[in-house]
Amino acid sequence: MEFIDFLLEDFFVTGQPLIYGAMVSIVLVSIAIVFVLSYFKKWGWLWREWLTTVDHKKIGIMYIIAALAMLFRGGVDALLMRTQLTLPGMEFLDSQHYNEIFTTHGTIMIIFMAMPFLIGLMNYIVPLQIGARDVAFPFLNALSFWSFAFGAMIFNLSFVIGGSPDAGWTSYTPMAGATLNPGPAQNYYLIGLQVSGIGTLATGINFIVTILKMRAPGMKMMRLPIFTWSTFITSIIIVFAFPILTVALALMTIDRIFGSHFFTLTGEGMPMMWANLFWLWGHPEVYIVILPAFGIFSEIISTFARKQLFGYKAMVYSMVVIAGLSFVVWVHHFFTMGAGGAVNSFFSITTMLIAVPTGVKIFNWLGTMYKGRIRFDTPMLWSLAFIPCFVIGGVTGVMLAMAAADYQYHNTYFLVAHFHYVLIAGTVFGCFAGLTYWYPKMFGHKMNEKLGKISFWFFVIGFNVCFFPMYFLGFAGMPRRTYTIEPEWMALNVTASIGAILMAIGFAVFVYNIYYSFRYSQRETHGDTWDGRALEWATTTPVPFYNFATVPKIEGPEAYWRMKENGRTTYEKEKVEPIHMPSDSGVPFVMMAFMFIASFGLIWEWIGIAIAGLIGVLACMVIRSFDYDDGFYVSVEEIKQTEKKAREGEQ
Amino acid sequence: MKNIYLRVKLWAALPALSLLLLVSGCGELTVLDPKGPVGESQKDLIIFSIILMLIIVAVVFIAFTYMIVKYRDRPGRDEKDYDPDHHGNTTLEIVWTVIPLIIVTALSIPTVITIYELEEAPEASSDKEPLVVYATTADWKWFFSYPEENIETVNYLHIPTDRAIEFRLSSADSMASLWIPALGGQKYNMAGMENTLYLQADEEGTYEGRNSNYNGSGFAEHTFEVHAENEEDFESWVEKVKNTAPELTQEEYDSLLAPGLEEELEFSSTHLDYVDHGTNEGRDYLIERHKDAFEEPLHLKGGRGAGDE
Amino acid sequence: MSAHTDISTGPLEYRTQEGRMNILGFWIFLGAEVVLFSTLFATYAVLFGRTADAPVPADLFEMPMVLIMTFLLLTSSFTCGIAIHHMRRGSLKGLFVWLGITLALGLGFLGFEIYEFVHYAHEGASLPSSAFWSAFFVLTGTHGLHVLLGISWAVLILIQLRQRGLTPVTSRKVFIVGLYWHFLDVIWIFIFTSVYLIGMVV
Amino acid sequence: MSELTKRIPKQHVVGFVGSIILTVAAAWAAVGSDLPTPWIITSIMVLAVIQAFIQLFMFMHMTETESGGIQAGNMLYGFFVAVVIVAGSIWTMSFGYTHDHGGGSDNDNETEEHEHMDH
């Protein structure tokens, strides 16, 4: 009986019709998935082709699918919040529920949507752009993905089991500490982020080594496609920023579970230190999700303006400068903490300085279009919409950087408007642009242009209608994270909600487009869909698992553009040699499944289960250490057959 | 592509359109209509930055529109206009690095000056000593202690006009942020430390004040009213509180600290006699007394004792 | 993947592309470790002096024991370097002997550290005592955990060496675990200086 | 290559002796010397950094092979971020005790001294 009481009162989240609905749909979807897989006898296929794969392309696709699912969840959260703020009197959500929703919205969008989406694109594209057959450490790459996937699962589990975290995605202490916030909810946040953070760090190392060591012969650093450059810089930021998050999360976990006093009110702990550590990681994190988007836009604008990128070197150096500055601006997130004139002045100025390299990039994109011949395909539309929207986000960012004025903007909808203008116009547009741009390479057919444009216009107009009014809400004194509003903020909130609905329609059309294109789009017969310039377009579509039959020698920037001029391909029959490829492995999946068990134990403070899970993780590491599997060779004959089949349509 | 012009126009019109909507839709932009010197200097800084930023936005938008209109792929375009090998221009790149640097400098100077200005009491009332008010928060209410007057109020505040108020900010539990948008910017309240915030009202009136830093389920109701009145009215209000309000006993104060919402109250003594949450000794005062109260979910409905159910 | 582009000269561990990539990747991981530990150092520095009612560090830190621990770890770093040297000379026996000494010294260090923690706990300073002691135990404990991990990892590799002898793969693994071991000594130097010495001075 | 013929390479012995001397010197500076505290802290931190470089160059061969430059740059950037984190945290977190009565004032001094140590 006691056990059942526990299940009903503490374990499962009860009392919310919305959550019951979610539970039912989770159960139904799970049953449906199990049924479909069993009915079509696809379990073996799932295990062999996906769960154990170390192929960067498949891992990239899994990242993107997971990110889209998370975008859906975060988007539903956003719609629920907009509904509540439009009908504040209706008690659609109570304060507690609203708090949980904005917390999960923020966390999911940053950690489980933006980053995996971009990492998915990097995974698929970067090895192709540099002429490599995989990333440097394919096993580690699989491990990264599964750590993200299980981390996301842990975090999302809180929704139905134990309760969602409700301390905001920033989780400021002491509010998020054990005393003021008891129970497993906040632990889900800490452990979920920790587990997926491990994977992100590994991804960072992986890409640095890949880009440094696996480039095609002749591809000097200054000949790298700009998206690869942005990945490289992003990876550096990841490697040097994520350990800070790891430590911060660990410290709060130890505080909550083992009774230490880092961020507590008792024992002379220092709650502000959490904010400090969080933003030491958090600010570089912003650039982790924005630089790859910059890279995507650069590729697309250059391709569709049919011109070389304007100021390639300046583009690279500006990213380097942004990466450096990103580590010395974090205090602007808490100017109002009262650290005094010197601190606030210093961080005001460093923050504003970031506008300079960013401005350089904006003008270089405009320069790329100058004397170009611009086509307006969907990827280009997303990239073009990015420029004005991001400029609005950027200049308001400069306004926020002015500490004295920030005292009035801080914690208001002005801030909310700013970072959505930056993160949606930058990251989300970037993801959509990148996905539609590389979609034919990934799946062998384009996304439907007409639907793509419909979705684009709905989303972009909706985005502006939703977030532009929020600047004014900030001036009108509306604080963020409030579940109810004053009457004088009503009109603007209703406007914003209309915008949110338009965005939702845009997203729905986007997802429908995936289905529609799968059914009806014309299959690609040619690897070079958009008349591209970088090496990923040199392979056939679909890309063979070894990527390149022969790796071309690179003679300058824009490798593929040159190859087309010289009539060369990545298949030079006489030069084909056996290709060495890594073997698939189930260890990453199993290891992270054990990690999942360990995490679940830790979240509920069931230390026995946590230790058992941890032993499983360690055992997997030992197994891996003794694994001397050296991969396999693809025979010349197989390569020739594959290439012949793939290239039939081309001639 | 033929209606690209129209689309671009529509696009450019969007912000303007929503601006119009705003002006008609919403009453006042409190931050841009401040009632005291602190808010005033912040407003000046904001307006200055908005003007500079609008210039930048205008330049980029015009250049952007020019590019996508002039260089779009359309039938009958002059072939000479297309230069696929054009890939940079050092002079231009230097220009658009240096100009932003100048703009940043132009923004930095007034910013730094204002930052330091706001660390001190406003100059406008330098002839008078600032009125010291200890503003302490506990989930989810505000305590205002006037040590010189030896009175304390809960969830509302009386201040004299034309005199600087020196807020001593601290918290008994979670981090909060005292913000009275009509008077000026905010600062954090934190347990175990003390922040100083200077504000001043030049116009009499009632202003909204609130905690703007999210701190849990009572956050939306964590507000207070500021009554700014002339020196005389203020004095007589102080007298009235002194004479009519009860003393704040430690027992009473301890029970007020329990998490929950509270109505407006006043007392003829301050809690500073028992504890100053801004000091190292006072930082865990509330936790020691109300640790268990956070274990149960609170159903807040407002008013006294609502948190106790 | 060109895993077998051989370079016929030079140390064994660098001869394959895979070996070179693994070593570079590990260096980058060490860069991340620098950040991880510096975050712990920052926390320790900020929380310094926040001992609440617990004893202050100057009362508990003892120079002789700290010096012994330091010398143990310093020597082990040296012997580890010698082990790598023997590996490069192709002497499997020398590698075994010196790596064995290294691990023994490492175990000695761990023993002292455990004794130290227990001793402090007896004196009333443990993880939940105060912010300062939380920071102390997590900083030194994280380092200690790394040492423990290093020892277990090295043991696994010794087994693999016994099974397979010196190959490009095993020598790469030894080299990487060696890097890890030296790095832990670097971290300890900073713990020794900024935790123990400064704790005794201030 | 000539180094490889020896049983114990000279470079490692020099590094080892060097780090022992530096350790003893730091220990002496901390407890044996009469220097003012900020001086002690500065000098022992300098000694620690020198020792770290001994390990990196003499034991870990940071600059060997063609990736040496990358490895060294990587470590240097790591140190840069480390300084930012430690010095930055101390700088931004040492505030708010202006009105601390009693215990807090001690705190203030110590934090400041720490700040010296990390510059």
Side-chain angles (χ1 to χ4, degrees), chain A residues 95-96 168 172 174-175 179-180 182 265-266 306-308 310-311 314 336-338 341 344-345 348-349 352-353 355-356 359-360 363 366 369-376 387-388 391 395 399 402-405 407-408 410-411 464 468-469 472 475-477 479 481-484 488 491-492 495, chain B residues 14-15 18 22 25-27 29-32 42 45-46 49 53 56-57 60-61 63-64 67 71-73 82-84 86-88 93 96-97 100-101 104 107-108 111-112 114-116 118-119 174-175 177 181 185-188 191 195 212-217 220 283-284 287 291 294-295:
Chain A
S95 135
Q96 176 64 26
Y172 273 15
M175 183 190 36
T179 318
L180 301 192
L265 291 173
T266 48
R306 286 188 256 182
K307 265 189 69 202
Q308 268 193 50
F310 185 94
T336 53
M337 204 176 261
N344 282 0
S345 302
S348 276
I349 294 169
M352 282 191 265
L353 278 178
V356 178
V360 168
F363 285 109
L366 295 179
M369 290 190 277
Y370 174 73
K371 291 206 170 179
R373 208 197 248 160
I374 306 169
R375 287 173 306 179
F376 294 90
I387 293 177
V391 166
V395 294
M399 289 166 70
M402 303 161 72
Y407 302 155
Q408 284 279 33
H410 186 63
N411 277 332
N464 281 286
F468 202 73
F472 294 87
F475 283 134
R481 295 174 168 180
T482 176
Y483 82 109
T484 180
E488 64 258 33
L492 289 177
T495 316
Chain B
L14 232 148
S18 44
L22 293 172
C26 97
L29 302 175
T30 325
V31 169
L32 299 181
Q42 283 164 331
L45 193 61
I46 291 171
S49 65
M53 294 303 137
I56 296 172
V57 169
V60 176
F61 277 34
F64 174 75
M67 296 298 173
Y71 296 109
R72 70 188 201 277
D73 187 17
Y82 174 53
D83 181 6
H86 167 265
H87 62 268
E93 288 178 57
W96 63 53
T97 314
L101 270 174
V104 166
L107 287 169
S108 298
T111 303
V112 172
T114 317
I115 289 174
Y116 277 97
L118 297 182
E119 297 286 309
S174 52
M175 193 186 287
S177 186
Q186 62 196 292
K187 252 186 197 175
Y188 285 166
N195 263 335
S212 74
N213 192 61
Y214 169 68
N215 64 343
S217 39
R283 67 208 310 261
D284 51 2
I287 302 300
K291 192 177 184 310
F294 292 95
E295 297 277 347

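Remember, predicted model here, so these are calculated numbers, not experimental data. Chain identifiers are assigned alphabetically (A, B, ...) following the order of the sequence lines, protein sequences preceding nucleic acid strands; residue numbering begins at 1 within each chain.
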Donor-acceptor side-chain pairing of B/Gln186 and B/Ser177 below 3.5 angstrom:
yes
Looking only at A/Gly372, A/Ala405, A/Ala355, A/Gly168, most heavy-atom pairs under 4.5 Å shared with chain B are made by A/Gly372
Which value, rounded to the nearest 0.5 Å, describes the distance between B/Gln42 atom CD and A/Gln408 atom CD?
4.5 Å
Of all of A/Met369, A/Arg375, A/Gln96, which one pairs up most often with chain B through heavy atoms under 4.5 Å apart?
A/Met369
So which of A/Val391, A/Asn344, A/Ile349, A/Leu180 has the largest heavy-atom pair count under 4.5 angstrom toward chain B?
A/Leu180
What do the steps show when you test B/Tyr71 against A/Tyr370 for ring-ring contact (aromatic ring centres under 6.0 Å, His included), and what is the final call?
CA-CA 7 Å; B/Tyr71 296 109; A/Tyr370 174 73; 5.4 Å; yes
Is the B/Trp96 ring parallel, tilted or perpendicular to the A/Phe310 ring (thresholds 30°, 60°)?
tilted
Which bit of A/Ser348 comes within less than 4.5 Å of chain B, counting heavy atoms only: side chain, backbone, both or neither?
side chain
If you count the non-hydrogen atoms of other residues, nucleotides and ligands that lie under 6.0 Å from NE2 in B/His86, is the total more than 12?
yes
Top contributor to chain A interface from B/Thr114, B/Val104, B/Ile56 [non-hydrogen pairs under 4.5 Å]
B/Val104
Check each atom of B/Leu45 against the heavy atoms of chain A and say whether the ones under 4.5 Å are side chain, backbone, both or neither.
both
Counting heavy-atom pairs under 4.5 angstrom with chain B, the leader among A/Ile374, A/Thr482, A/Thr484 is A/Ile374
Relative to chain A, which of B/Lys187, B/Met67, B/Lys291 shows the most heavy atom pairs under 4.5 Å?
B/Met67
Partners meeting salt bridge (charged side-chain N to carboxylate O under 4.0 Å, His left out) with A/Lys307 (sequence neighbours left out)
none
Between CG of A/Leu353 and OG of B/Ser108, what distance do you get to the nearest 0.5 Å?
7.0 Å
Check each atom of B/Leu107 against the heavy atoms of chain A and say whether the ones under 4.5 Å are side chain, backbone, both or neither.
both
A/Ala314: side chain to side chain contact (heavy atoms under 4.5 Å, CB included) partners, not counting sequence neighbours:
A/Val360, A/Asn364, B/Glu93
In Å and rounded to the nearest 0.5 Å, what is the CE to CE distance from B/Met53 to A/Met399?
7.5 Å
When the 4.5 angstrom heavy-atom criterion is applied to B/Tyr116 and chain A, the contacting part is side chain
Which atoms of A/Ile387 come close to chain B, meaning under 4.5 Å heavy atom to heavy atom: side chain ones, backbone ones, both, or neither?
side chain
Segment of B/Leu118 engaging chain A (4.5 angstrom heavy-atom cut-off)
side chain
So for A/Phe363, is it side chain, backbone, both, or neither that comes closer than 4.5 Å to the heavy atoms of chain B?
both
